[in-house]
Amino acid sequence: MSRYGVATDRKWQKRWEEEQIYAFRPERVSEKLYCLEMFSYPSAANLHLGHWWNYGLTDCWARMQRMQGKEVFRPMGFDAFGLPAENYAIRTGIHPRDSTLASIATMQVQLRQIGATYDWRYELSTCDASYYRWTQWLFLQLYKNGLAYRKDAPVNWCPSCQTVLANEQVHDGGCERCHTPVTKRNLTQWFFKITDYAEELVTTLDALDWPEKTKAMQKNWIGRSEGAFIDFPLADHPGFIRNFTTRADTLYGATYLVLAPEHPLVLTITTPTYREAVTQYIASTAQQSELDRVANVKEKTGVFTGAYALHPLTQEKIPIWIADYVLATYGTGSVMAVPGHDIRDFEFATIYHLPIPRVISAAHPDTPDNLPYIGDGILINSASFNGESSEEAKITVVARLQELGLGQATITYRLRDWLVSRQRYWGAPVPIIHCPHCGLVPVPEEDLPVELPYDVQFTPDGQSPLAKSPAFMETTCPTCGAAALRDPDTLDTFVDSSWYFLRYPDNRNQQAAWDPAWINQMLPVDRYVGGPEHACMHLLYARFITKALRDMGYLNFGEPFTSLFHQGIILGVDGQRMSKSRGNTIAPDGYVERYGADVLRLYLAFAFSYSDGGPWPVDADNKPSDEGIRGIYRFVQRLERWIDRLLELVPAPIPAGTPTPLASLRPAERELNFTLHQGIKTISRDLPLYQFNTSIAQIMILLTSLSRYEQESSAPNLPFLAQVTQEMLRLLAPLAPHLAEELWEELGHTTSIHNEAWPTWEEAALVLDEVEYGVQINGRIRAKLMQPRDASQEDIRLAALALPSLAAELAEGTVAKVVVVPGRLVNIVIT
RNA sequence: GCGGGUAUGGCGGAAUUGGCAGACGCGCCAGACUUAGGAUCUGGUGGAGAGAUCCGUGCAGGUUCAACUCCUGUUACCCGCACCA
């Protein structure tokens, strides 16, 4: 049994809290390091392994930064609004507010059991009126600056959650949360104009210290595309149809236009003969779910409208079709179809027997004539543009169109505006009043918060629950005083989390969301840690909101998270994500009770790569194994035995000790000293990179070296042993904070190890008098060779060639070359 | 189809600038101790072979005195996006 255990954890957690040793000191803001993990969703159950993995291991990182003199700002809070609490309420009848507050209370206690360095004075919870008051304030600022607007549009609707969803919340045509196929509905909804920032969001991405994958995902999601608008005048109506293309060079190959069924001009231009077919087609596509649409990609369908447009350069009459392979929400909702050089247009033209001319010839003709050629090439059948390259023609064709007033170069984005209103209860109310006389009237800022009422019938039926609460809805217009109604929708929870990192450092400010002078010093977040699944939602929204607030003058920076790190995920033994429904969860509680928080922390840190995660190991019976944890537990016991041994040799209190001068160390001590400094150097390099496993390995090696030195030495150098032991505990402190603190106290210290400075290493200690060389013949290791540190390359070469064990093999050939790598190896090349 | 990533012993995982592959731990094997335990300690442990040796980082090539590492091609798996004009 180890004497360290959960009781030790409690003892130190209590004392740290009393002494406020992790309190952030604002006067040291110049040394601040804002390190943040994505905040947690309050859940009624006990903390799961993921919490320990996310928050326990980032704590090791933060603790090392503290010891290196950084003023670490490390807050924790709760992303407390959202559907799970509401769905739980519908099942159980427990009000979302009650269940959420209870969950938060549980988590506040349990998060402390990890032994992390949170400064709880900066806590926040998004469902508190003192927080969402400022979420509503944010909405109003966006509204006043034209970045929040209401529009009637086809939007994603989840029939199960009974609410609209943002584009980002539709995955594979289904609801991100419940996977129900999403349908389209025409509704009037609130949007944030994130598209105004599309260009900056994509161009400033490169400079961020973020994982390449995440940057690529955002870039892809924003979908910047350079091309041109090309207008095709209508043959029988005034006006024109505007198309977006990236291939203006293929304009002479455009043989028809295709509009999305939702395109606003469709019914205007459709001729009476085709009206019935067209309306039928529109109706059938409208009732298709996103999933059906994706499933039907292979069979292209469409109908002719009977209308014609004029080719802008040839004046030829070309037919106008509608088809659902053209998306209403991208570009102009209309394309010029070039079946000779586009796969989709080709498939469509083949089915409906439309002509498929060639206007680009490939430099190396390897595409058969019965397939579209989608690459660049030389223009043919393109009048005066013949002979130009695709690259040239993309410019010259657009220039000609521009002279005619029928085209211009442009950039489009895939990114759509962010739909933020939700027809659900448990969220921040939209702070807008609908007045019959004045229209949309923002709630005056001094009237915030618009409080979410408690007594509401929140069972979802497609209506906003708040609409059924007259006490909430009925108000007066702030402008004209007439009776008016509040907006019944609540805000997407991603609005709450798009600015929480700005609130933490000034969380009790009641006059403003924050004090800009203070926040501009505290932010941006220096290191943000969280899962990669937020790449195109939270991380994108937070960047947008930060940039918008900067342009309104509330911030002087435009990127919220300078540096981003994604942890991996610990999976169940089946390799699947842990979940109650799969029954593959592993509870941390038992391990913590039995071995203590630090054994679990050390195990998680040691047994997995932090960036990869991976499945929990299995034993011979395919059950979750705790053999690895017992290995860590043995290490803890070995460490305690060593401390006991040291205290036998050197009674407490052990002096803090100064490093013994290198020159006065005997050879065996030099070896131990080498291991110490090697360990300090390695851990100082690896811990900042979240390479916890190698850091712990170094401490294990150091402990082994310590006890071996003591066992093998007839007269151990006791002050030196005491000093090395204390350095080892300092190295351990970030990883096993309770254990290190306890052992530190046993050595007689009366101040916390967590206020000790991080050890430094001396390069001189890493230089040994003798170096072992590997001696290779033709690249294969054949012998070892000890050489003095200052031996010349020539000495080493001669010593290697003179090795008796190599004589026979060397005699078989002639030595062509000898490569000496100082300090490492010798390679003898024989032929 | 596009983008990003991964592949190393029985297992988790190491390997700094191209320089002795497999650190550290688990498991396994052998031994010690014993108040007989699912405890602890010590030693060994990539594979093949009696052995000298040979073979080994998904696969096939290449560059190099030297390749897990760099280059070309290829396979499998994972993640994200996907009729985006």
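Note that the structure is a prediction, hence the values are computed from the model and not measured. Lettering follows sequence order; numbering is per chain, from 1.
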Between [N] ([atom2]) and [X] ([atom1]): distance, integer Å:
| X | N | atom1 | atom2 | result |
| --- | --- | --- | --- | --- |
| A:Ile222 | B:A82 | CD1 | C1' | 17 Å |
| A:Glu627 | B:G10 | CD | C1' | 13 Å |
| A:Leu806 | B:C20 | CG | C1' | 14 Å |
| A:Asp686 | B:A23 | CG | C1' | 12 Å |
| A:Ile569 | B:G12 | CD1 | C1' | 18 Å |
| A:Gln576 | B:C78 | CD | C1' | 12 Å |

What is the pairing partner of [N], taking Watson-Crick or G-U wobble pairs with both distances under 3.5 Å in any strand?
| N | result |
| --- | --- |
| B:G18 | none |
| B:A23 | none |
| B:C2 | B:G80 |
| B:A60 | B:U72 |
| B:A48 | B:U53 |
| B:G43 | B:C29 |
| B:G38 | none |

Is there a side-chain contact between A:Ile699 and A:Phe606, using heavy atoms and a 4.5 Å cut-off? no
Please determine, for the side chain of [X], which listed nucleotide ([options]) has the closest atom?
| X | options | value |
| --- | --- | --- |
| A:Phe244 | B:G27, B:A85, B:C20 | B:A85 |
| A:Ser609 | B:C65, B:A14, B:G43 | B:A14 |
| A:Ile701 | B:A23, B:C41, B:C54 | B:A23 |
| A:Ala697 | B:C24, B:A85, B:G13 | B:C24 |
| A:Met217 | B:G80, B:C65, B:G12 | B:G80 |
| A:Thr246 | B:U40, B:A85, B:G12 | B:A85 |
| A:His171 | B:C81, B:C55, B:A15 | B:C81 |
| A:Trp221 | B:G3, B:C24, B:C81 | B:C81 |
| A:Asn220 | B:A85, B:C81, B:A14 | B:C81 |
| A:Val335 | B:G25, B:A85, B:C54 | B:A85 |

Roughly how many Å apart are [M] and [N], using the [atom1] atom of each and rounding to a whole number?
| N | M | atom1 | answer |
| --- | --- | --- | --- |
| B:A39 | B:C54 | C1' | 43 Å |
| B:A7 | B:C68 | C1' | 11 Å |
| B:A23 | B:G13 | P | 15 Å |
| B:U74 | B:G49 | P | 38 Å |
| B:U8 | B:G56 | C1' | 10 Å |
| B:A85 | B:G80 | P | 22 Å |
| B:G9 | B:G18 | C1' | 24 Å |
| B:C26 | B:C20 | C1' | 26 Å |

When you measure from the side-chain N and O atoms of [X] to the phosphate of [N], is any distance below 4.0 Å, counting only OP1 and OP2?
| X | N | result |
| --- | --- | --- |
| A:Arg414 | B:A85 | no |
| A:Gln678 | B:A23 | no |
| A:Ser225 | B:A85 | yes |
| A:Lys213 | B:G5 | no |
| A:Arg630 | B:U40 | no |
| A:Arg634 | B:G27 | yes |
| A:Arg641 | B:C41 | yes |

Whichever of A:Gln776 and A:Tyr325 has its nearest RNA chain B nucleotide further upstream toward 5':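 Checking each residue's closest nucleotide, the 5'-ward one belongs to A:Gln776.
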Which residue lies more 5' along RNA chain B, comparing A:Ile781 with A:Lys681 via nearest heavy atoms: A:Lys681
Measure up the A:Phe608 and A:Trp616 rings against each other and bin them: parallel (under 30°), tilted (30 to 60°), perpendicular (over 60°). tilted
I want to verify the glycosidic state of B:G10; is it syn or anti under the 90° rule? anti
Could you go through A:Tyr281 and A:Thr301, starting from their C-alpha distance and side-chain angles, then the distance that decides it, and tell me whether this counts as side-chain hydrogen bond (donor to acceptor under 3.5 Å, both in side chains)? CA-CA 9 Å; A:Tyr281 186 76; A:Thr301 58; 2.9 Å; yes
With sugar-phosphate meaning primed atoms plus P, OP1 and OP2, does [X] contact a base, only sugar-phosphate, or nothing at under 4.0 Å between heavy atoms?
| X | value |
| --- | --- |
| A:Val338 | nothing |
| A:Gly613 | sugar-phosphate |
| A:Arg780 | sugar-phosphate |
| A:Glu347 | nothing |

NZ or CZ of A:Arg414 within 45° of A:Trp221 ring axis and under 6.0 Å: yes
Could A:Lys300 and A:Phe348 be counted as a cation-pi pair, given that NZ or CZ must be under 6.0 Å from the ring centre and within 45° of the axis? no
Can you list the steps and then say if A:Tyr591 with A:Val599 is a side chain to side chain contact (heavy atoms under 4.5 Å, CB included)? CA-CA 8 Å; A:Tyr591 294 124; A:Val599 169; over 6 Å; no
One pair to check against side chain to side chain contact (heavy atoms under 4.5 Å, CB included): A:Asp249 and A:Val397. What are the steps and the verdict? CA-CA 7 Å; A:Asp249 55 315; A:Val397 167; 5.6 Å; no
Tell me, which of residues 824-831 of chain A have any heavy atom that sits under 4.0 Å from an atom in RNA chain B?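 Heavy-atom contacts with RNA chain B come from A:Arg824, A:Leu825, A:Asn827, A:Val829.
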A:Phe565/A:Trp210 aromatic ring centres below 6.0 Å: no
I'd like to know whether the aromatic ring centres of A:Phe494 and A:Tyr541 sit less than 6.0 Å apart in this structure. yes
Under the criterion side-chain hydrogen bond (donor to acceptor under 3.5 Å, both in side chains), I'd like the reasoning laid out for A:His566 against A:Thr214: C-alpha separation, chi angles, the key distance, then a yes or no. CA-CA 9 Å; A:His566 296 310; A:Thr214 307; 2.6 Å; yes
What's the verdict on side-chain hydrogen bond (donor to acceptor under 3.5 Å, both in side chains) for A:Arg543 and A:Gln218, showing C-alpha distance, side-chain angles and the deciding distance? CA-CA 11 Å; A:Arg543 293 183 67 221; A:Gln218 273 203 12; 2.8 Å; yes
